[in-house]
Colleague: 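The structure under discussion is supplied below as structure tokens; questions concerning it will follow.
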Amino acid sequence: MTPRGRGRLAAFTIGLAVTMSVLDGVMLNVALPSIAGQLQASPAEAIWVVNAYQLAVAVVLLPIGKAADIYGHTRLYLGCIALFAIASLGCAMADDLWSLAAWRFVQGCGGAGIMGVTNAMLRFVYPPEKLSRGISVNSLLVALALAGGPSFASLVVTLASWRWLFIVNLPVTLLLLAMGIASLPAPGKRDGERLDAISVVLSMATFGLILLALDAGAHRDGATVPVALGIGGIAAGTLLLRRQVDMTRPLFPVDLLRTRRFGLSVGAVFAASAAQLLAYVVLPFHFQQDLGRTQIETGLLFLPWPLMLAAVAPFGGWLGNRIETGPLCAIGLALFASGLLLLALIQPDASVWDIAWRMGLCGFGYGIFQPPSSKAVILASPIERSGSASVMGATARVLGQASGAAVAALMFRLLPAEGRTVALLVAALFAAIGIVTSLARGPQPLAARSTG
């Protein structure tokens, strides 16, 4: 195989892997009623099929990034694809809800490796001047998966069992392993460095307890449980930071976060992710309860967002080669925030077009923001820390999404009548924080600009 052909196959492998992992996340939401019915579980219990995956992603991302930097990005990437395949088989064979949730946790560990190390893999596959293009292509694939996943899942569940949502992963993962072994860069290993087990445990405790605290605070009336979980997470995080601060290459990348560009880039990802997930949770209720739309109409009204994101993502990558990253990200988030504000203020007699173009504006703005933002995170770190930088961006995204979901649930509880409108205004505020954070990064170094 020629070097050019090998590079194309590697890029295709990474794109297919990230598409599979995103599809697996969005498809299962549609199948929850069917899963709950067949496994004789309540809707509240069935949610753990989704929560177990998200919890796994949150707690293992940082250890996976560090392991990738030490043992080799390709070796860990292929290992996580294999783990995803094994867990998919376990999910398909599960005979009760809790065994399904347990296998979903394992699957989330594999998915975290795929999603978290993707940008680091792109840095090794694409030449520097084409890195923006690679990130843009992946953003396009993610948007298409988000748009088409629910419809594909509905078709599968209608024609067959929900178990097929996991079975279809098996031939895909086998193909990915074969292509990855043939095309991905040879794995490297950093001599003399090992994964610190105590740091791994503290990291998992920190992010696991914080995520559970957010979920408990949003859904429980009492404060005892969420406060106790939150205190536990803060205590574990404090111990983690004390252990990491003097390390040369720490698990929790405090050394990278001290640098202005990396820290602020990660902050922008957190704010934008919180705004996006908050809007995604609230808008279906806003459309149906405030604007009087049906379930089918709501599904169709959501399409302009991911479709516009898919259409503009390659354009966002092209702009990222020509415009300073901070202002470009700020422009994208300003358009995104404008769409959220317009959706919050829309009147009940609004036409389909009135809603659709506002949703499209949100997707357009987020599509402008996402590719240059992802590139800014990965290029703000030394190449030997690419794994840690990539998963730190993914961790910020997961925590932002968890925060957005928690704010949405809290608004529903505290403001039953006005909560949906207020939540959309809060989402716009998160986006505004992302604008300020993006602009505060400062000028991009000339060496980073030249990497495209």
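Hydrogens, waters and symmetry mates play no part in the numbers below; they use all other heavy atoms, side chains included. Given the structure is predicted, the values throughout are model-derived calculations rather than measurements.
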Colleague: A side-chain contact here means heavy atoms from C-beta on lying under 4.5 Å apart; do I331 and F369 qualify?
Modeller: no

Colleague: Check side chain to side chain donor-acceptor pair (under 3.5 Å) between T238 and all other residues, then give those that pass, not counting sequence neighbours.
Modeller: none

Colleague: Can you name the side-chain contact (heavy atoms from CB on, under 4.5 Å) partners of S203, sequence neighbours left out?
Modeller: L62, P63, F207, L240, L251

Colleague: What is the distance from atom CD of Q244 to atom CZ of F252, rounded to the nearest 0.5 Å?
Modeller: 8.5 Å

Colleague: Partners of Q401 by side chain to side chain donor-acceptor pair (under 3.5 Å), sequence neighbours excluded?
Modeller: none

Colleague: I'd like to check the side chain to side chain donor-acceptor pair (under 3.5 Å) partners of W162; sequence neighbours left out, ordered by chain and number.
Modeller: Q38

Colleague: Side-chain contact test, heavy atoms from C-beta onward, threshold under 4.5 Å: evaluate it for I234 versus L209 and give yes or no.
Modeller: no

Colleague: Hey, could you give me the OG1/CG distance between T206 and L211, rounded to the nearest 0.5 Å?
Modeller: 12.5 Å

Colleague: Should M204 and S199 be marked as a side chain to side chain contact (heavy atoms under 4.5 Å, CB included) after you check the CA-CA gap, both sets of side-chain angles, and the distance that decides it?
Modeller: CA-CA 9 Å; M204 295 177 71; S199 295; over 6 Å; no

Colleague: Is there a donor-acceptor pair closer than 3.5 Å between any side-chain N or O of T259 and the backbone N or O of R261?
Modeller: no

Colleague: Roughly how far apart are I181 CD1 and M179 CE, rounded to 0.5 Å?
Modeller: 11.0 Å

Colleague: Please output the side-chain donor-acceptor pairs of residues 76-95 that fall under 3.5 Å, not counting sequence neighbours, one pair per line with the distance.
Modeller:
unit_1: S88; atom_1: OG; unit_2: F84; atom_2: O; d: 2.8
unit_1: S88; atom_1: OG; unit_2: Q107; atom_2: NE2; d: 2.9
unit_1: S88; atom_1: OG; unit_2: N169; atom_2: ND2; d: 3.2

Colleague: Evaluate the side-chain proximity of M20 to I114: yes if any heavy-atom separation is below 4.5 Å, no if none is.
Modeller: yes

Colleague: List for me each residue that meets side-chain contact (heavy atoms from CB on, under 4.5 Å) alongside A334, sequence neighbours excluded, and say none if there are none.
Modeller: I435

Colleague: Donor-acceptor pair, R260 side chain versus A440 backbone, under 3.5 Å?
Modeller: yes

Colleague: Just how far is it from atom CG of L361 to atom CG of L335, taken to the nearest 0.5 Å?
Modeller: 5.5 Å

Colleague: Return the minimal non-hydrogen interatomic distance between S265 and V377, and the atom names on each side.
Modeller: CB-CG2, 3.8 Å

Colleague: Looking at side-chain heavy atoms only, is the closest gap between V200 and K66 below 4.5 Å?
Modeller: no

Colleague: Who pairs with L239 by side-chain contact (heavy atoms from CB on, under 4.5 Å), at least two apart in sequence or on another chain?
Modeller: L202

Colleague: Going by salt bridge (Lys or Arg N to Asp or Glu O under 4.0 Å), name the residues that satisfy it together with R104, two or more places apart in sequence or in a different chain.
Modeller: D24

Colleague: Taking all non-hydrogen atoms of both residues into account, name the closest pair between A376 and T325 and its distance.
Modeller: CB-CG2, 3.7 Å

Colleague: How long is the straight-line distance from CH2 of W98 back to CG of L39, given to the nearest 0.5 Å?
Modeller: 11.0 Å

Colleague: Please list all pairs meeting salt bridge (charged side-chain N to carboxylate O under 4.0 Å, His left out) that have one or both residues in residues 195-209, counting only residues at least two apart or in different chains.
Modeller: D196-R243

Colleague: Test T437 against F270 for side chain to side chain contact (heavy atoms under 4.5 Å, CB included), laying out the working first.
Modeller: CA-CA 10 Å; T437 307; F270 174 88; over 6 Å; no

Colleague: Take V168 and V172 through the side chain to side chain contact (heavy atoms under 4.5 Å, CB included) test and state the conclusion after the steps.
Modeller: CA-CA 7 Å; V168 295; V172 177; 5.8 Å; no

Colleague: Ignoring hydrogens, what is the shortest heavy-atom contact between A279 and L340? Give both atom names and the distance.
Modeller: CB-CD2, 3.6 Å

Colleague: Hey, does the side chain of R6 reach the backbone of S183 with a donor-acceptor pair shorter than 3.5 angstrom?
Modeller: yes

Colleague: Testing the basics here: between A58 and V398, what is the closest heavy-atom pair and its distance to 0.1 Å?
Modeller: CB-CG1, 3.9 Å

Colleague: What's the separation between atom OG in S21 and atom OH in Y53, rounded to the nearest 0.5 Å?
Modeller: 5.5 Å

Colleague: Compare all side-chain heavy atoms of T395 with those of L399 and state whether any distance is below 4.5 angstrom.
Modeller: yes

Colleague: Can you see which heavy atom on A205 is nearest to which on A236, and at what distance?
Modeller: CB-CB, 4.0 Å

Colleague: Output all residues satisfying salt bridge (Lys or Arg N to Asp or Glu O under 4.0 Å) with R358, sequence neighbours left out; order by chain, then residue number.
Modeller: none

Colleague: Do F105 and C109 have side-chain heavy atoms sitting under 4.5 Å apart?
Modeller: yes

Colleague: Should V245 and R258 count as side-chain neighbours, where that means a heavy-atom distance under 4.5 Å?
Modeller: yes

Colleague: Find out whether I14 and L184 are in side-chain contact, i.e. whether some heavy atom of one side chain is under 4.5 Å from a heavy atom of the other.
Modeller: yes

Colleague: State, to 0.1 Å, how close S438 and L333 come at their nearest heavy-atom pair, and which atoms those are.
Modeller: OG-CD1, 4.1 Å

Colleague: Going through the distances and angles, do M392 and L61 end up as a side chain to side chain contact (heavy atoms under 4.5 Å, CB included)?
Modeller: CA-CA 8 Å; M392 191 64 231; L61 268 173; over 6 Å; no

Colleague: Could you work out, with side-chain contact (heavy atoms from CB on, under 4.5 Å) as the rule, every residue matching M359, not counting sequence neighbours?
Modeller: L283, F287, F302, P304, W305, L343, I355

